[in-house]
Undergrad: 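Input: one structure, supplied below.
Quick note on labels: first sequence line is chain A, next is B, and so on, each numbered from 1.
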Number of protein chains: 2
Amino acid sequence: MTDRLPPLQTLRAFEATGRRSSMTLAAEELHVTHGAVSRQIKALEDHLGVRLFRRMTRRIEFTAEGAAFFAAVTRLLSELAREAESIRRRNETARLVVSSGVSFASKWLTPRLHRLMARYPDYDVHLEVTDVEIDFATSQADVAMRYGDGRYPHAESERIMNETVSPVCSPDYRERMGGLRTAGAIASARLIHENGMKADWTRWFGMMGMPAPAARGPGYSHGSMSIEAAIRGEGVALGRSVLVAEDMAAGRLVALFPEARLDVESGYDLVYPMGHRDHPKVRAVRDWIDDEVRQFKVVVEVGGVIGSSGII
Amino acid sequence: MTDRLPPLQTLRAFEATGRRSSMTLAAEELHVTHGAVSRQIKALEDHLGVRLFRRMTRRIEFTAEGAAFFAAVTRLLSELAREAESIRRRNETARLVVSSGVSFASKWLTPRLHRLMARYPDYDVHLEVTDVEIDFATSQADVAMRYGDGRYPHAESERIMNETVSPVCSPDYRERMGGLRTAGAIASARLIHENGMKADWTRWFGMMGMPAPAARGPGYSHGSMSIEAAIRGEGVALGRSVLVAEDMAAGRLVALFPEARLDVESGYDLVYPMGHRDHPKVRAVRDWIDDEVRQFKVVVEVGGVIGSSGII
DNA sequence: CTCACCTGTGCGGAATACTCACGCATCTTG
DNA sequence: CAAGATGCGTGAGTATTCCGCACAGGTGAG
């Protein structure tokens with residue numbers, strides 16, 4: 001990794017030059033001559049193999065690459081200055097960055113996030129939503145919540161909620177299809193897939209003692225999308241218990257076989273860097289989420305939502 | 001800013017030393033002697049005024065400050081390497097980072113985010129949720145959505161949706177309070193406040209031709225929290241049209257004076273760095289959000305939600 | 001047309017960073 | 001239990017890097 005890094009001192013000259021749009025002005029600021037800056041820029045360009053500035057007479061302007069790199073360098077240097085400052089002052093950074101996947105953020109986390117903020121007003125809470133695998137070396141996240149099997153490279157995790165899946169659809173659609181009271185009836189309905197999760201449909205039908213029908217019907221990239229599709233009445237989705245709870249409580253979705261829940265090994269995990277189990281930020285999130293899960297279980301049980309017993 | 005930066009070359013030595021937990025091993029990796037590394041670390045520590053390692057005999061370990069700084073440095077260097085690499089390859093970064101405030105993310109954005117992802121599968125879409133004022137110099141966001149008055153330092157913006165406010169509460173609460181059919185009745189109900197927005201209640205009562213009652217009732221830090229409180233039946237909230245639309249459509253909230261909407265000057269803006277109006281990422285987000293807003297207006301109008309005409 | 005202004009670069013010197021060598025304090029091993 | 005191995009700190013000397021200086025080149029302004 002380190003050999004791919006540009007010469008770091010040249011970045012200061014580059015940043016100042018870009019900001020002032022002038023090597024001469026940058027040189028003044030850095031208390032060196034313009035010649036020194038000129039060489040630094042050149043060294044950086046040589047390393048990258050790309051021209052960062054277009055040299056016009058008496059002025060310079062960014063190339064496209066230069067502008068892009070400048071934005072990145074500016075941000076990184078200012079973050080570094082902030083980190084250095086916080087170390088100098090020995091005050092633990094007041095930022096608390098939580099990372100989450102898209103479906104979970106949409107259906108569960110964001111409606112509850114304000115309570116995390118209210119509980120720890122001294123933390124400047126950030127939420128980073130992405131489906132990229134969590135990597136604490138490159139992410140600024142302090143703690144993550146991920147749907148998975150509990151194994152995360154270079155990280156520890158603990159299970160927050162387990163999950164089950166079971167067919168759901170909109171009340172309208174059920175009525176239109178005549179009740180959908182047997183697995184056979186469901187097999188002949190339009191089945192909504194979540195991409196990469198088709199095996200779950202197969203396993204669910206297997207549990208019901210029948211082969212899965214050939215795949216047809218729409219496929220969506222996210223669990224939250226297939227749920228939205230089911231709400232719109234596009235067919236029957238294999239609803240993930242945690243994600244559909246609110247929509248079922250609100251009557252937008254109904255469970256077709258509340259008792260036929262398929263356990264899946266994946267669940268929702270709290271993930272954090274190795275050895276950070278008792279880090280204050282991790283503890284803060286864990287304490288909060290324990291309370292949220294407790295409340296959520298009540299909602300789920302009162303609402304009679306599928307999979308309630310599968311939630312820890 | 002630049003004078004607050006630590007000597008940048010020392011960061012490489014620090015990173016390698018921290019990673020290998022040894023100056024000698026780090027020195028090998030950097031093709032220098034251990035003495036050189038030792039001096040670099042010392043220079044960095046002198047600059048920060050903090051010991052980064054505890055020197056035990058025959059081994060070193062991080063101090064608390066060292067560990068915190070190491071995490072930051074590791075992340076920043078690896079991001080820098082990634083940026084440098086992407087410049088070398090001249091491939092525009094495939095990341096699309098959207099920033100949003102908490103209430104808007106919770107009530108509007110995240111349920112729709114998966115469609116942005118589906119629409120641009122080549123972009124690795126990230127969402128950064130925070131209530132900190134947007135600053136593109138320090139944030140990695142490409143584009144932001146903020147509730148505000150359209151003025152954002154060092155950035156351009158365009159209005160996405162306007163907003164109105166009007167009293168809302170849960171159907172239960174309305175019934176319990178005997179209908180709440182007059183402004184006077186509302187004045188004697190429990191009023192839920194959003195912190196920093198009390199003036200809106202005053203203005204709303206002013207519009208109804210009566211003075212606002214003395215502030216009592218709970219206050220919450222976020223619009224989404226006061227909405228949740230109203231849903232729980234804690235009282236009457238001044239519902240922001242964009243945020244309450246879904247909850248009204250679902251019947252969790254009712255508007256008490258659908259026709260008495262107070263226009264507020266703030267609204268939802270799409271914010272991006274100066275001159276990025278036609279940047280591909282900005283265009284992608286704008287195109288997507290235009291479609292979403294169009295659909296949302298239909299939902300709002302069909303549902304008869306307050307403030308529908310206030311949405312552009 | 002001439003001046004003013006900004007960047008590029010060769011050369012010599014100054015500042016920086018490195019190597020080497022040794023000291024020190026354990027930990028290891030036979 | 002003693003001797004060797006291990007890893008870090010540091011003083012002195014040296015190597016290398018980086019910078020200042022001066023000048024060249026190019027061009028927009030007046």
Undergrad: Are E158(A) and R283(A) within salt-bridge range, i.e. N to O under 4.0 Å?
TA: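 No, this pair does not count.
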Undergrad: Could you measure the distance from the CD1 atom of I41(B) to the CZ atom of R51(B)? Nearest 0.5 Å is fine.
TA: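 It is 10.5 Å, given to the nearest 0.5 Å.
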Undergrad: Establish, with yes or no, whether the OP1 or OP2 oxygen of dG9(D) is under 4.0 angstrom from a side-chain nitrogen or oxygen of S38(B).
TA: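 For S38(B), the contact criterion (side-chain N or O under 4.0 Å from OP1 or OP2 of dG9(D)) is met.
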Undergrad: Tell me what A36(B) touches on the nucleic acid: a base, only sugar-phosphate, or nothing, going by heavy atoms under 4.0 Å.
TA: base
Undergrad: For a 4.0 angstrom threshold against heavy atoms of chain B, report the outermost contacting nucleotides of DNA chain C in 5' to 3' order.
TA: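 Range of nucleotides touched by chain B: dC18(C) to dC27(C).
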Undergrad: Looking only at side-chain N and O atoms, does T57(A) come under 4.0 Å of OP1 or OP2 in dG26(D)?
TA: no
Undergrad: Categorize R58(B) for me: base, sugar-phosphate, or nothing, with a 4.0 angstrom heavy-atom threshold over every strand shown.
TA: base
Undergrad: Side-chain N or O of R39(A) versus OP1/OP2 of dC19(D): is the shortest distance under 4.0 Å?
TA: no
Undergrad: Is Q40(A) close enough to dC19(D) that one of its side-chain N or O atoms is under 4.0 Å from OP1 or OP2 there?
TA: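 Answer yes for this pair, as a side-chain N or O of Q40(A) is under 4.0 Å from OP1 or OP2.
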Undergrad: Let me check the geometry of the helix from dC1(C)-dG30(D) to dG30(C)-dC1(D). What is the bend angle between the axes at its two ends, five pairs each, to 10°?
TA: 30°
Undergrad: Does W288(A) have R286(A) sitting over its ring (NZ/CZ under 6.0 Å from centre, angle to axis within 45°)?
TA: no
Undergrad: Hey, what do you get for CG (L77(A)) to CZ (R12(A)), rounding to the nearest 0.5 Å?
TA: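 So the gap between those two atoms works out to 8.5 Å.
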